[in-house]
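Sequence lines set the chain letters: A, B, ... in the order given, protein chains first and strands last, and positions in each chain run from 1.
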There are 4 protein chains.
Amino acid sequence: MPKVSEDYKERKRESLLESALKCFGEKGYQSTTMDDIVAYSNTSKGLIYNYFKSKEELYLTLMEERTNRTFKNLKERFEKFSTAKEKIEELFRIYKDKELTEDWRKLIRVHMEFWIISPRQENTNEIMSNRYKQYRDFLVQIIDEGKNAGEIKKEVQSDIVASIFWAFIDGTCLHYSVVGENYSYMEQFNKTEEMIMKYILTT
Amino acid sequence: MPKVSEDYKERKRESLLESALKCFGEKGYQSTTMDDIVAYSNTSKGLIYNYFKSKEELYLTLMEERTNRTFKNLKERFEKFSTAKEKIEELFRIYKDKELTEDWRKLIRVHMEFWIISPRQENTNEIMSNRYKQYRDFLVQIIDEGKNAGEIKKEVQSDIVASIFWAFIDGTCLHYSVVGENYSYMEQFNKTEEMIMKYILTT
Amino acid sequence: MPKVSEDYKERKRESLLESALKCFGEKGYQSTTMDDIVAYSNTSKGLIYNYFKSKEELYLTLMEERTNRTFKNLKERFEKFSTAKEKIEELFRIYKDKELTEDWRKLIRVHMEFWIISPRQENTNEIMSNRYKQYRDFLVQIIDEGKNAGEIKKEVQSDIVASIFWAFIDGTCLHYSVVGENYSYMEQFNKTEEMIMKYILTT
Amino acid sequence: MPKVSEDYKERKRESLLESALKCFGEKGYQSTTMDDIVAYSNTSKGLIYNYFKSKEELYLTLMEERTNRTFKNLKERFEKFSTAKEKIEELFRIYKDKELTEDWRKLIRVHMEFWIISPRQENTNEIMSNRYKQYRDFLVQIIDEGKNAGEIKKEVQSDIVASIFWAFIDGTCLHYSVVGENYSYMEQFNKTEEMIMKYILTT
DNA sequence: AATGAATGAGGGTTCATTCAT
DNA sequence: CATGAATGAACCCTCATTCAT
């Protein structure tokens with residue numbers, strides 16, 4: 001029977017991760033110091049080490065949990081749709097609905113940085129490769145369903161198209177996060193959607 | 001060994017930049033130490049500071065020169081082509097011709113890292129935004145020429161398509177640099193080319 | 001060993017300043033390294049930076065506090081005297097009572113060095129000029145009181161004499177700190193006192 | 001038979017010392033780099049080491065020669081005077097005739113710095129102590145002559161008064177070099193002269 | 001559990017000195 | 001002779017991590 005409830009600890013942990021995310025978004029992983037996170041989270045240095053055994057672990061945990069949750073949300077969001085067309089439209093809608101704030105641009109950079117850092121460590125490279133495949137296969141499945149339902153042309157190569165889709169998403173987000181204001185974010189999504197749909201749909 | 005030719009100094013400088021690039025590719029900008037670069041370039045710590053006044057300047061110079069040179073090469077490569085179709089095919093060819101080596105993946109990451117770091121510094125953000133526009137406008141011009149020549153549909157929005165093109169390129173490179181071996185790099189370029197061409201060409 | 005009393009921290013701070021003073025006395029400001037101070041104070045490099053954000057700040061703080069305290073002590077010491085003659089005698093006594101140790105000679109040099117360094121920095125020059133005027137005016141006031149009381153000749157120029165007094169003090173200390181043993185420190189103070197008194201007193 | 005005349009080398013040497021003096025005046029001994037001196041003297045780094053085997057030697061040589069020359073000039077200047085009174089007046093005149101420029105203030109600081117640095121090295125401390133005695137004894141001799149001639153009171157302690165004189169000189173110069181513009185340099189010399197003369201002269 | 005003082009390895013940078021040309 | 005590129009020890013400072021309280 002702990003002095004402090006499990007629930008409290010969990011909330012503390014979340015709050016630390018939250019703070020870390022903010023700081024990483026501001027300065028990047030390397031440039032963010034533990035002191036930055038301490039300052040932002042209004043706790044103490046020692047406390048962070050009770051929850052995470054190193055800055056790196058904090059970072060990896062943060063990114064791990066974020067990607068998992070995002071992917072989980074993604075899947076849930078799709079349960080209510082039945083046709084492939086609707087699902088793909090929903091996929092685009094996710095990104096078209098984003099609020100184009102500075103905060104989001106920072107978030108993008110945190111994730112992009114993680115992509116880039118990951119191949120430099122034996123461990124994370126594997127994780128990220130799998131993550132990529134997870135996302136790709138998620139879309140592959142949708143496309144395949146579409147093919148079976150006659151919505152999507154049989155000759156479409158599901159994995160290639162899926163891969164192209166995510167490449168476009170990440171490329172666009174990357175550019176937007178750098179260029180900002182003057183980037184034709186929304187128009188690009190609309191046009192790309194049009195182009196891809198025209199390319200794969202039977203009608 | 002002073003009183004050395006300008007040529008000698010230029011080569012030294014190049015060699016330092018070369019070494020730095022290698023090291024940044026290996027560990028990233030922040031994690032690369034001046035000692036790493038010293039070790040790799042077989043020189044001494046002090047010497048680097050005769051050529052670049054700080055690690056940051058070395059980095060910025062490196063990235064600046066690389067991007068400039070790349071863009072210049074890009075333009076030159078296109079002089080021998082006359083139609084828009086040929087030019088766009090050439091653009092794809094550049095990337096399809098890349099040797100898919102570990103070295104190139106590292107190179108991609110160096111450039112991606114620079115994209116991400118840039119918004120965190122007043123100065124570089126501007127530079128990178130302009131760089132992006134340079135590349136985009138380069139393609140915009142080609143598309144516009146194509147429209148005038150009747151090769152490309154009048155209703156195509158040049159800037160949006162150009163922007164989509166580069167988003168796809170960078171997204172694909174980013175993913176490839178992380179996923180590596182099992183990434184369907186070549187097929188994606190082929191399909192994307194097909195898709196885009198079908199989308200914009202009149203015939 | 002955190003959560004430490006303010007008092008503890010204050011003592012730590014004092015002890016660091018103390019150590020720094022010792023080291024500066026030994027080698028001078030520039031030649032003293034942070035490692036010297038660390039070694040002398042039995043702490044760690046990082047800790048010093050918790051209290052002072054740079055070597056320079058440590059130095060300036062040290063000198064600032066020392067001069068302030070000295071001047072404060074000076075003033076207090078004079079409260080119990082009423083006539084100008086007594087006060088001036090007391091002024092001389094301060095210096096005549098000094099123990100002529102190697103430690104004191106080092107201390108002199110630290111202060112002299114600060115005088116000399118100060119004009120090279122925008123900021124400190126102003127401070128030191130004011131310090132000088134503070135000391136001078138302190139004596140000017142005593143002399144003026146003496147004039148009003150009829151102790152000191154009306155025609156004496158207070159500021160000039162005050163300035164001469166401090167010039168003599170610093171000159172003597174400077175020479176003593178260099179020449180050491182064989183310097184006729186005490187006799188000089190006695191004779192100068194005699195000479196100045198004869199020059200300004202009415203009787 | 002050297003390729004380059006001895007005369008040329010001597011002038012080069014002088015010019016290097018001259019440049020060093022300028023630089024030391026600007027930044028102080030420690031903060032002046034060999035590069036500073038090279039830049040100021042329009043020569044090369046290697047060349048300096050042909051003339052002086054280290055920065056320290058350059059510094060010591062400079063200070064040595066300057067003090068020697070100054071002392072030599074001092075003595076010569078006095079040959080044309082016969083009475084002690086005239087000589088002491090001349091001594092004061094030397095300082096009263098100084099042009100109160102920023103350059104001179106820098107010069108003072110170079111010399112003061114040398115005083116302070118000297119006790120920290122076995123070698124220079126001895127030199128400076130002797131230098132001090134040289135100057136003191138020079139004045140002692142004048143005073144003694146004055147006593148013999150009946151100009152100066154027999155009971156005056158020559159060495160103490162001489163020492164006081166130089167203490168006053170250096171103290172005044174030190175303060176002037178720091179305080180600058182608003183320092184009553186000239187008036188102090190006048191008054192001090194008056195005071196000392198009154199104190200020692202028989203009439 | 002929570003704190004934050006303490007640690008010290010390691011990083012970027014400087015600069016006196018050397019020596020090949 | 002003169003040059004200035006090259007060297008590397010040494011410096012100041014940062015910051016992830018520890019641990020006494």
task = Round to a whole Å and report the spacing from NZ of C/K27 to P of F/dA10.
result = 11 Å
key: Parallel, tilted or perpendicular: ring planes of A/Y59 versus A/F24, cut at 30 and 60 degrees   = perpendicular
message = Could you tell me how far apart B/E57 (CD) and E/dT14 (P) are, to the nearest whole angstrom?
response = 11 Å
ask   = If pairing requires Watson-Crick or G-U wobble contacts with both distances under 3.5 Å, which nucleotide is the partner of E/dT21?
value = F/dA2
remark   = pair_partner(F/dA10), Watson-Crick or wobble, both distances < 3.5 Å, evaluates to E/dT13
message = For a quick check of understanding: with a heavy-atom distance under 4.0 Å over all strands, which category does C/Y51 fall into, base, sugar-phosphate or nothing?
response = sugar-phosphate
message = Using only atom types and a distance under 3.5 Å, with no angle test, would you say the side chain of A/E57 pairs donor to acceptor with the backbone of A/K53?
response = yes
task = Determine whether A/S177 and A/M112 make a side-chain contact, defined as any pair of heavy atoms from C-beta on separated by less than 4.5 Å.
result = no
task = Taking the side chain as every heavy atom from C-beta outward, state whether B/N68 and B/R131 have any atom pair closer than 4.5 Å.
result = yes
note = Separation of F/dA5 atom P from B/L16 atom CG, nearest Å, is 13 Å
ask   = Hey, is the side chain of C/K55 poking within less than 4.0 Å of OP1 or OP2 on F/dC11, counting only N and O atoms?
value = no
remark   = note: A/N50, atom CG; F/dT17, atom C1'; distance rounded to Å ~ 13 Å
request  = In whole angstrom, give the distance that lies between atom CG of D/D36 and atom C1' of E/dT14.
outcome  = 12 Å
query = Looking only at atom types and distance, does a side-chain atom of B/E113 sit under 3.5 Å from a main-chain N or O of B/Y29, one as donor and one as acceptor?
reply = yes
query = With a non-hydrogen cut-off below 4.0 angstrom, is A/T32 in contact with a base, only sugar-phosphate, or nothing?
reply = sugar-phosphate
message = Nearest whole Å is fine: how far is E/dA5 C1' from C/K12 NZ?
response = 9 Å
ask   = Would one find a side-chain N or O of A/Y8 under 4.0 angstrom from OP1 or OP2 of E/dA2?
value = yes
ask   = Any donor-acceptor pair under 3.5 Å joining the side chain of A/K45 to the base of F/dT17?
value = yes
inquiry  = With nearest nucleotide decided by heavy atoms, which residue, A/L47 or B/I48, maps closer to the 5′ end of DNA chain F?
reply    = B/I48
request  = Would you tell me if any nitrogen or oxygen in the side chain of B/Y49 comes within less than 4.0 Å of OP1 or OP2 on F/dA5?
outcome  = no
Integer-rounded Å distance: E/dG11 C1' and B/L58 CG = 15 Å
5′-ward residue of the pair C/G46/C/D35 relative to DNA chain F = C/D35
query = B/M34 CE to E/dT14 C1': how many Å, rounded?
reply = 12 Å
